[in-house]
Amino acid sequence: MPDRTAHSPATPADRPGRLRNLALVGAGGAGKTTLAEALALTAGALTRPGTVPDGTTVADWEDIEHQQQRSVQFALLPLPWQDLTVNVLDTPGYADFAGELHAALRAAEAAVFVHSAADETVARPVRALWQSCEAAHLPRALALTHLNTARVRLDDVLRMLQDTLGTPDTVRLLHHPDLRDGRLHGSTDLLTGRAYGKPDAPGDLTAERARLVEALAGEDDTLMERYLDGADLDTAALTAGLRREFLAGTLHPVLATAPDGTGCDALLDLVAAAFPSPADRADDLPAADPDAPLAAQVVQTGEDPYLGRLSLLRIFTGTLRPDTTAHLPDGTDERLTALHSPFGHQLRPVPQAVAGDLVTVAKLTAARTGDTLTTDGAVLPPWPLPEALLPTAVQARSKADEDKLSQALGRLTAQDPALRVEQNPDTHQLVLWCTGEAHLAVTLDRLTDRHGVHVETVPYEVALRETFAAPASGHGRHVKQSGGHGQYAICDLTVEPLPGGGFEFVDRVVGGAVPRNFVPSVEKGVRAQLAHGLHGHPMTDVRVTLTDGKAHSVDSSDAAFQTAAALALKEAADHTDVRVLEPVDEVRVLLPDEYQGAVLTDLSARRGHVLGTEIGGPGLSLVRAEVPELELARYPLDLRSLSHGTGQFTRSYLRHSPMPAHLAAQYATAG
């Protein structure tokens, strides 16, 4: 692909005040990557734009992103604007990659919510994200895209955003856009009168400007007094008011943009004038002091075929220079060698990175995504991660793949903290726990493309158990005498159910029928048979009592009594029913009230037992239920569909309970 990048990229900032870090967030398909491309073109970082359908954008460079036509990780584009470096973080919009979204928000001081004007509503997950940003005191602006869609009425879109995300006083247009002939021609700044693009003469904007000026002056007594006295407020005073209101979260500017870059210069000017620098960060993380000891966090981990592991660091305090030695929380030292500024997947050497900036370091050996690197022992808290609740069992396609699989998965989990890998001790399956099907597809693709490991998915199994349905007795006789040293052991066992009790062994032999030194052998044989099961599944929740037996002074042995015990247990099982037990999880579902009925009906269809519902927050319900694990394999996907992407759930093992007979028959195998 021809290089489209400019020869004069953003100059690394020499102090936090010259940085602006912003995350482009919003629903999938809203146009975030296209907007990032247009911003890069407007800032002069690109010579010509790429497109998502063609797979030529700088923010999406992985083959899987081209195949899926969506971002699967956040991308960093440092852009030069005025005398600043504007770090634009283009985030995924699909729920499976919420971990990448929250990592980008950790690295940013503000969020630009990208909304497609073709969407008549704001999706529930986006509304939830808006509220999360509000709770974190993260300033928010809105960028409108897809204004060329037929029958789009800007007034209707703005009114919907005001009703959904704020009020007419807080969600405001800063510019008067010129929408003609189905496209955006430009806009006029209501404060300065400056024209962006090529708008027609907008007519009299006095009333619109007066409403905006009144809103900006409303929280400043001096400005309000001057405004009420009829004084003409200068641009500097209004810009200061705009910045104050934006940082306080009482104003959310709305700007119109287009893929050809129209409106992007207006957005970048707003970023320069009103967006916070790292020094203005309002959360509990350390202040951006370039002279303090180094504290940085790995916000993303990637792979390069030549450089190996690449770690993207957000510098919170201090100044990072090449050949610095930093420490992980566990005391491990990491040497940070050459520093690079990423532009998409391209890397440009930089001499240093000050507090607030983002920089890539190659070949860290131990640091994983989310880890803190520090010179004074500081530990930065992790950001919220989606819980991986979709299980998929995999197996290596060949012996060569099997040899490389463990190392490859270790590198993937270091890169992707939302991925969980489990070697199930009961089913002996290798299970990948992902956040959804798209996350699984990306994981499998990276296994193949990055690490050359081919795996096949196999049916996921749950850890079933067996138990006795009623008390029963068994007689085990293991006698072999064919000349020389023989084998001789006889034992009688009684087995009874012990619900929830695991396993208990009782010795009630009297008169030395089974010598004391062979009683442990009987217990050992029972435990071995229970672990193997009688129908292919381990047995639990039973009390086994040794009641009688016989031994031979010469031919009895440890092995003989183990075998006799197993035979006695099998005979006891022949005299009663063996019940299959399945794991049951406690499930807690948090969702909007309007979807509660559909979710309750679905849980009942999954053989779930609803324990109750309670208020989970404003407009939210919390449903508690006990659900068999067999019914939860696809639940993350089904809940997403039922709740339109708004439901969340957690699960934890509760107990094993009897499985219905018609299902148990399907899972019974020959013992």
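The first residue in the sequence is number 1, and the count goes up from there.
Counting heavy atoms from C-beta outward, Val599 and Leu639 have side chains that approach closer than 4.5 Å. Leu105 places none of its side-chain heavy atoms less than 4.5 Å from the side chain of Phe74. Side-chain contact check for Val627 versus Tyr635: every heavy-atom pair is 4.5 Å or farther apart. At a threshold of 4.5 Å between non-hydrogen side-chain atoms, the residues Phe468 and Leu534 count as touching.
The side-chain tip of Arg640 points at the ring of Tyr94 from less than 6.0 angstrom away and within 45° of straight on.
In this structure a side-chain-to-backbone donor-acceptor pair under 3.5 Å is present from Gln297 to Pro381. A donor-acceptor contact shorter than 3.5 Å is absent between the side chain of Asp401 and the backbone of Ala396. A donor-acceptor pair is defined here as one N or O able to donate and one able to accept, closer than 3.5 Å; no such pair exists between the side chain of Asp585 and the backbone of Val587. The main-chain N or O of Ala565 is never found under 3.5 Å from a side-chain atom of His478 such that the two would form a donor-acceptor pair. With Asp492 contributing its side chain and Thr494 its backbone, the two residues share no donor-acceptor pair below 3.5 Å. Looking at Glu65, its side chain does come within 3.5 Å of a backbone N or O of Val72 through a donor-acceptor pair. With hydrogens and angles ignored, the 3.5 Å screen pairs a side-chain donor or acceptor of Glu571 with a backbone N or O of His475. For the pair Arg368 (side chain) and Thr413 (backbone), a donor-acceptor distance under 3.5 Å is present. The main-chain N or O of Gln415 is found under 3.5 Å from a side-chain atom of Thr369 such that the two form a donor-acceptor pair. Asp577 places no side-chain N or O within donor-acceptor distance of the main-chain N or O of Arg579, the cut-off being under 3.5 Å.
Asp96 approaches Ala438 most closely through the heavy-atom pair OD2-N, 2.9 Å. For the pair Arg309 and Thr365, the tightest heavy-atom approach, listed with the atom from each and the gap, is NH1-O, 3.6 Å. Taking every heavy atom of both residues into account, Gly476 and Leu567 meet most closely at CA-CB, 4.1 Å.
Residues passing the ring-ring contact (aromatic ring centres under 6.0 Å, His included) test with His345 are Trp61, sequence neighbours excluded.
By the 4.0 Å N-to-carboxylate-O rule, Arg606 lies close enough to Asp638 to be salt-bridged with it. Between Glu387 and Arg651 no salt bridge is recorded (no basic side-chain N to carboxylate O distance below 4.0 Å). Ion pair Lys570/Asp574 not flagged as a salt bridge, since none of the NZ, NE, NH1 or NH2 atoms sits closer than 4.0 Å to an Asp/Glu carboxylate oxygen.
Evaluation of the ring-ring contact (aromatic ring centres under 6.0 Å, His included) test over residues 569-627, restricted to residues two or more places apart or in two chains, returns Tyr595-His644.
Annotation: Lys524, atom NZ; neighbour count of heavy atoms from other residues, nucleotides and ligands within 6.0 Å does not exceed 12. Around CD of Gln407, the count of heavy atoms belonging to other residues, nucleotides or ligands within 6.0 Å does not exceed 12. Heavy-atom neighbours of Asp284 CG from other residues, nucleotides or ligands within 6.0 Å: at or below the threshold of 12.
Side chain to side chain, Ser657 and Arg655 meet the donor-acceptor criterion of an N or O pair below 3.5 Å.
A side chain to side chain contact (heavy atoms under 4.5 Å, CB included) with Glu582 is found for one member of Glu631, His537, Arg607 and no other, namely Arg607. Checking Arg411, Lys363, Arg450 one by one against Glu303, the salt bridge (Lys or Arg N to Asp or Glu O under 4.0 Å) holds for a single residue, Arg411.
The aromatic rings of Phe97 and His439 sit perpendicular to each other, their planes meeting at more than 60°, with 30° as the lower class boundary.
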